[in-house]
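Scroll down for the structure; my scribbles are underneath it.
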Amino acid sequence: MKALFDYIPLIVFFVLYKTTDPADSNHPLLQLIGTAGKDNNHILVATLGLIATTIAVYGYLFISQKYRLEKQQWFVLLMTVVFGGLTLALSDAFYIMLKAVLINLAFAVGFLISPLFSQDKSPIVKRLFVSVFDLTAKGWQRLNLAWAGLFLLMAALHTFFAFIFANGKYWGEFTAFGDMMVMFAFLAVMLFCLRKHIRKDVA
């Protein structure tokens, strides 16, 4: 359920991104913070909505999780505020576009190096799914590599849609829904491939 909260800011971002005129420098939200761009005001408005909603969502999680956030939640919150803030301060969409690339790269590296920070040298994916799957040490290593590969793919896709394909025209659509679809597809494939390894107490 917590994972679904992560998509609320993206949905708000997409709605504002699609309903704001890129040339509307007088948008109420932009007037509120005293900034505007030339032809990227839809991104600026959406970024402001993303920051505000992310703070609200993680603020709720902070309270509901007994006044604590997980490390990855702090990381996503920090990246959103910093890169979103740079986007608004400089009226430059480059920074908010870069955010998703860096977050996914960081998660990929995190999965790859996680065995180095575990007493039994087990990858982080084992700690995440040990209650679901019964795998050998080699199986956990392969699954960990698969997750690292997923985040590398996501970083590459964000780079492609933000900086290469159609001059970023479809970046907003991919950011809001594309990576969600890739993630759900990966989870479906993972469950299908590992269906014989699902723990009996879960099945």
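No experiment lies behind these values; they were computed from the predicted model shown. Residues: numbered from 1 along the sequence shown.
Judged by distance alone, the side chain of Trp140 and the main-chain N or O of Leu135 form a donor-acceptor pair under 3.5 Å. Checking side-chain atoms of Asp92 against main-chain N and O of Leu86 turns up no donor-acceptor pair under 3.5 Å. Judged purely by atom type and a 3.5 angstrom limit, Arg142 has no side-chain atom pairing as donor or acceptor with the backbone of Gly139. No side-chain donor-acceptor contact under 3.5 Å links Thr54 to the backbone of Leu77. Listed for the Ser114 side chain is a donor-acceptor partner under 3.5 Å among the backbone atoms of Phe111.
Across all non-hydrogen atoms, the minimal contact from Asp24 to Leu30 is O-CD1, 3.8 Å. Considering every non-hydrogen atom in both Leu29 and Leu48, the closest pair reads O-CD2, 3.5 Å. A pairwise comparison of heavy atoms in Gln65 and Glu70 identifies NE2-N, 4.3 Å as the closest pair. Of all heavy-atom pairs between Phe14 and Gly172, the closest is CD1-O, 4.0 Å. In terms of heavy-atom proximity, Tyr17 sits nearest to Lys169 at OH-O, 3.6 Å. Taking each heavy atom of Ser25 and Gly37 in turn, the nearest pair found is CB-O, 4.1 Å.
Here CZ of Phe186 is found 10.0 Å from CG of Leu153. Values are rounded to the nearest 0.5 Å.
The aromatic rings of Tyr67 and Phe62 lie perpendicular to each other, with more than 60° between the two planes, well past the 30° mark.
Taking the six-membered ring wherever Trp is involved, the centroid distance between the rings of Phe133 and His197 does not fall below 6.0 Å. You'll find the ring centres of Trp171 and Phe94 outside the 6.0 Å limit. Aromatic pair Trp147/Phe107: ring centres not closer than 6.0 Å.
Of the candidates Leu88, Leu50, Ile51, Ile96 forms a side chain to side chain contact (heavy atoms under 4.5 Å, CB included) with just one, namely Leu50.
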Practice problem: Might you work through the side-chain contact (heavy atoms from CB on, under 4.5 Å) test for Gln73 and Leu61, ending with a clear yes or no? | Solution: CA-CA 9 Å; Gln73 292 174 330; Leu61 291 175; 3.8 Å; yes
Quiz prompt | Residue pair Thr47, Thr87: steps toward the side chain to side chain donor-acceptor pair (under 3.5 Å) verdict | solution = CA-CA 8 Å; Thr47 298; Thr87 295; 5.1 Å; no
Exercise. Check the pair Ile124 / Asn144 against side-chain contact (heavy atoms from CB on, under 4.5 Å), numbers first and verdict last.
Key: CA-CA 7 Å; Ile124 191 173; Asn144 196 65; 3.8 Å; yes
Quiz item: Between Tyr7 and Met183, does a side-chain contact (heavy atoms from CB on, under 4.5 Å) hold up when you go through it step by step?
Solution: CA-CA 12 Å; Tyr7 292 106; Met183 177 65 75; 4.0 Å; yes
Exercise. Show the numbers, then the answer: is there a ring pair (Phe, Tyr, Trp, His ring centres under 6.0 Å) between Phe165 and Phe160?
Key: CA-CA 6 Å; Phe165 182 65; Phe160 177 73; 5.3 Å; yes
Practice problem: Could you walk me through whether Leu16 and His42 pass side-chain contact (heavy atoms from CB on, under 4.5 Å), step by step? | Solution: CA-CA 7 Å; Leu16 292 173; His42 59 319; over 6 Å; no
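Surrounding CZ of Arg127 are more than 12 heavy atoms belonging to other residues, nucleotides or ligands, all under 6.0 Å away. Tyr170 OH: 12 or fewer foreign heavy atoms inside a 6.0 Å radius. Within 6.0 Å of CG in Asn167 there are 12 or fewer heavy atoms belonging to other residues, nucleotides or ligands.
The closest side-chain heavy-atom distance from His158 to Leu98 is not below 4.5 Å.
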